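Take a look at the structure set out below.
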There are 2 protein chains.
Amino acid sequence: MKSDALRGHLDALLLATLDDGELHGYAIIEALQRRSGGALDLPTGTVYPALRRLERAGHVASEWSTVAGRKRRTYRLTGAGRRALSDERAAWREFTTAIEGVLGGGPWPEQA
Amino acid sequence: MKSDALRGHLDALLLATLDDGELHGYAIIEALQRRSGGALDLPTGTVYPALRRLERAGHVASEWSTVAGRKRRTYRLTGAGRRALSDERAAWREFTTAIEGVLGGGPWPEQA
DNA sequence: CGATGTTAGGTAGACAGACTACATATAGCG
DNA sequence: CGCTATATGTAGTCTGTCTACCTAACATCG
């Protein structure tokens, strides 16, 4: 998968991943792999900064915990995050509709 | 529409627009507007450089002509461009499948 | 004739978001 | 002890798109 393709859609992915319950960063990456059928394998250098961006924006909140001696920062959606996710899903539908209108192909009707 | 969302998909759009026949740059922009239902309104500063990139890559070829005193550079798909378009369409399907696997939502089955 | 708008093409530079590469630390296994 | 998996993080780069601008011919209105 071309790497730039993701641009502008990463936030939606992260928020959607947290929609099923709180997760820590590493687990988010694994969830993305699983749910995308292996197509998405995001590097930590992409995900961690993005999570902090989302936290600054108030869309997620985090708490530290320690599990089996390892520190984890567990993220969960905030109310604003849930609304943002809803907006992102709508934006995704608009986006794909627009692109598919073009890619969809076939000869196009002249404007009536 | 968030502007970055387009990243990595612009080439596909341009190639698809030319798939129905040759067009000059300005007409491509209008065709994109029409076919996307008005959602895509790409500035010339985005489209013209992208077309030159595609020409350098050998995916389109261009010829100058003059219509009603105005110079036009008319673009058409090359054979390589047609193959590239096919690849882009496949990549688009993979991309949306991956994203929708994540966004698609609902609780997710644990890996069996 | 001058102003404005439409058609048409173009460039330079900024910007932002994702990536590469690197650094850190603990636990468990051989 | 070294290696792998788990887990988090930063610095700097890269690149494609956008913003803002410029040029030019023609048409129309006043």
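Reminder, nothing fancy here: chain letters follow the sequence lines and each chain counts from 1. For clarity, every value in this text was computed on a predicted model and none was experimentally measured.
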(request) For each nucleotide in nucleotides 23-30 of chain C, reading 5' to 3', give B when a protein heavy atom comes within less than 4.0 Å of its base, S when such contact involves only the sugar-phosphate, and - otherwise. (result) ---BB---
(message) Side chain of P43(B) only, heavy atoms from C-beta on: which candidate in dT17(D), dT19(D), dG9(C) is closest?
(response)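 Looking only at heavy atoms from C-beta outward on P43(B), the closest nucleotide is dT19(D).
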(message) Looking only at the side chain of L42(B) (C-beta and beyond, no hydrogens), which of the listed nucleotides dC18(D), dA8(C), dC19(C) gets closest?
(response)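 Ranking dC18(D), dA8(C), dC19(C) by closest atom to the L42(B) side chain puts dC18(D) first.
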(message) Can you tell me how the ring of F95(A) sits relative to the ring of W92(A), calling it parallel under 30°, perpendicular over 60° and tilted otherwise?
(response)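 Taking W92(A) first and then F95(A), their aromatic rings sit tilted (interplane angle of 30° to 60°).
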Donor-acceptor contact present, side-chain [X] to main-chain [Y], <3.5 Å:
X      : Y      : value
H59(B) : A84(B) : no
T66(A) : G69(A) : no
T46(A) : L42(A) : no

Protein-nucleotide distance ([X], atom [atom1]; [N], atom [atom2]), rounded to Å:
X      : N       : atom1 : atom2 : value
L13(A) : dA18(C) : CG    : P     : 9 Å
R73(B) : dT7(C)  : CZ    : C1'   : 17 Å
H24(B) : dA8(C)  : NE2   : P     : 4 Å
L14(A) : dT8(D)  : CG    : P     : 13 Å
H9(A)  : dT17(D) : NE2   : P     : 12 Å
Y75(A) : dA7(D)  : OH    : C1'   : 12 Å
L10(B) : dT17(D) : CG    : C1'   : 8 Å
I29(B) : dT7(C)  : CD1   : C1'   : 11 Å

(message) Please list, in numerical order, the residues of residues 50-65 of chain B that have a heavy atom closer than 4.0 Å to any atom of DNA chain C.
(response)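 Listed by number, they are R52(B), W64(B).
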(message) Let me confirm one number: the CZ-CG distance from R35(A) to L103(B), rounded to the nearest 0.5 Å.
(response)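 Output value for this atom pair is 8.5 Å.
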(request) Compare side-chain N and O positions of Y48(B) against OP1 and OP2 of dG9(C) and report whether any pair is under 4.0 Å apart. (result)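 It does, given that an N or O in the side chain of Y48(B) lies less than 4.0 Å from OP1 or OP2 of dG9(C).
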Could you list the donor-acceptor pairs under 3.5 angstrom formed by side chains in residues 70-77 of chain A, with sequence neighbours left out?
{"from": "R73(A)", "atom 1": "NH1", "to": "E55(A)", "atom 2": "OE1", "distance (Å)": "3.2"}
{"from": "R73(A)", "atom 1": "NH1", "to": "S62(A)", "atom 2": "OG", "distance (Å)": "3.4"}

(request) Classify the nucleic acid contact of G25(A) as base, sugar-phosphate or nothing, counting any heavy atom under 4.0 Å across all strands shown. (result)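 Contact class for G25(A): sugar-phosphate only.
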(request) Give one of base, sugar-phosphate or nothing for R7(B), where a contact means two heavy atoms less than 4.0 Å apart. (result)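 Result for R7(B) = base.
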(request) Search all heavy atoms of T78(A) against all heavy atoms of V60(A) and return the closest pair with its distance. (result)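 Reported closest heavy-atom pair: CG2-C, 3.7 Å.
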(request) Identify the two heavy atoms, one from A50(B) and one from L14(B), that lie closest to each other, and give their separation to 0.1 Å. (result)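 Heavy atoms only, the tightest pair is CB-CD1, 3.5 Å.
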(request) Identify whether the distance between the nearest side-chain nitrogen and carboxylate oxygen of D19(B) and R89(B) falls below 4.0 Å. (result)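 Answer for the salt bridge query: yes.
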(request) Report the residue (T46(B) or E30(B)) whose heavy-atom-nearest nucleotide on DNA chain C is the more 5′ of the two. (result)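 Comparing both residues, the 5'-ward one is E30(B).
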